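This report refers to the structure that appears directly beneath it.
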Amino acid sequence: MISKEKYYKNIPQELKACKQWLWFKVYRNKDKDGKIKSVKIPISPITYKSNEWNKSENQVDFETALSGLENSGCDGLSFVLTDNDPYICIDVDKLSDIDGEKLADIIQDFNSTYKEMSVSKNGLHIFVKGNIPKNINNQIEHIELYKSNKCIAMTGNLIDEQNEVVDMSEMIKKYYDKYAPKEINITNPVHFKPFSDETPDATEILKSIYKFNAKGRALFRGEYSTGDASKDDFQLLLILNSFTHGNTELMLDLFLHSALNRMGDMSKRRTEAAYIKYLNQSIRKAQIVGGTNYWDYNYHKNRGGR
């Protein structure tokens, strides 16, 4: 567990003043190749669960989060970025794989603002004020930029003496333009099952998921996470398979409107076309695993939606 002293002493005061704090817990799982993968799951000090961590009512002030940390069973504090604050976090990952000169340039570019080492000690968090069009996750360059709906596992392990968050709008724009993916044309899927007479349109499907499937609603909104993005994707696709009666086109369209969509952030595939290919492959697997265990719209319609 990270020491309270580091949090008290080093976290910027203006971040402490925000009621946007959670805990995080580190879980270590084996991937399909047997390698150990660490994931950091946000935990609410209100609910003691990770579900709906991005709802403001499940977040607390800094003092409350810190005072309860020792008996929480968690490993540290995390800060939630939202659309209602001016903060952006630049997450530089896998420092050991980054050229030393490039890393020195990044640190110099953000010399005047708050920077801390990550939990793994192989990453760097840089906090600035500014704005970007959307979150990006460029795993090729190991650079991630987040402005909202993101929980940052904090350490307070300063790399220098800067503990204020500085407005660096021009520099953050430069980094966004440099590392954001370029727009490309997307080919629509061509293999899909025909609509069933029972299957409504996308809006009605989403309303049904929100009303009758709490896990589907939480996954769609990004309020639930296992810490494994691919597993989260597949869980939502299994639910979409049932509610769309296996319609590939609808499954893809609904998924791309969900919070799990990582189109363009380069976190899953190098290009958007490759990402669509990954989704289509995952959709086919979900159709096989989920089979024809479809949601019965007529049954619920006849029951008056009860």
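These values consider heavy atoms only, across backbone and side chains, with no hydrogens, waters or symmetry-generated copies. For clarity, every value in this text was computed on a predicted model and none was experimentally measured.
- The two residues T113 and V128 have their closest heavy-atom pair at CG2-CG1, 3.6 Å.
- Taking 4.5 Å as the limit, some side-chain heavy atom of V60 sits within range of a side-chain heavy atom of I46.
- Ring centroid separation for the pair W53 and F24 does not come in under the 6.0 Å cut-off.
- Considering all non-hydrogen atoms of both residues, L66 and Y8 come closest at CD2-CE1, 3.2 Å.
- Using a 4.5 Å heavy-atom threshold, the side chains of E116 and M154 count as touching.
- Side chains of Q59 and L22 form a contact here, defined as non-hydrogen atoms less than 4.5 Å apart.
- Between L240 and I209 there is a side-chain heavy-atom pair separated by less than 4.5 Å.
- Between K6 and T155 the shortest heavy-atom distance is CB-O, 4.1 Å.
- Between S242 and N293 there is no side-chain heavy-atom pair separated by less than 4.5 Å.
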Test side-chain hydrogen bond (donor to acceptor under 3.5 Å, both in side chains) applied to N54 and N149, step by step: CA-CA 6 Å; N54 55 1; N149 200 40; 2.6 Å; yes

For a side-chain hydrogen bond (donor to acceptor under 3.5 Å, both in side chains) check, start with the C-alpha distance between E14 and Y114, then their side-chain angles and the critical distance, and finish with the verdict. CA-CA 11 Å; E14 62 183 285; Y114 177 75; over 6 Å; no

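- With hydrogens and angles disregarded, a donor-acceptor distance shorter than 3.5 Å links the side chain of N135 to the backbone of K147.
- Annotation: E57, atom CD; neighbour count of heavy atoms from other residues, nucleotides and ligands within 6.0 Å is above 12.
- Here F127 and Y146 keep their ring centres 6.0 angstrom or further from each other.
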For a side chain to side chain contact (heavy atoms under 4.5 Å, CB included) check, start with the C-alpha distance between I143 and K178, then their side-chain angles and the critical distance, and finish with the verdict. CA-CA 10 Å; I143 300 285; K178 182 176 181 179; over 6 Å; no

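- Counting heavy atoms from C-beta on, the side chains of K19 and F62 never come closer than 4.5 Å.
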Let me see the working for Y48 and W23 under ring-ring contact (aromatic ring centres under 6.0 Å, His included), right down to the final yes or no. CA-CA 9 Å; Y48 286 79; W23 300 320; 5.4 Å; yes

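- Note on K173 versus E170: no salt bridge recorded, every NZ/NE/NH1/NH2 to OD/OE distance being 4.0 Å or above.
- Side chain of E144 to backbone of D91: no donor-acceptor contact under 3.5 angstrom is found.
- A salt bridge is defined here as a Lys NZ or Arg NE, NH1 or NH2 lying under 4.0 Å from an Asp or Glu carboxylate O, and K129 with E164 fails to meet this definition.
- Taking 4.5 Å as the limit, some side-chain heavy atom of Y278 sits within range of a side-chain heavy atom of D233.
- Taking the charged nitrogens against the carboxylate oxygens, E141 and K102 do have a contact shorter than 4.0 Å, which makes a salt bridge.
- Side-chain polar atoms of D61 and T64 form a donor-acceptor pair below 3.5 angstrom.
- Looking at L256 and L252, their side chains come closer than 4.5 Å, going by heavy atoms from C-beta outward.
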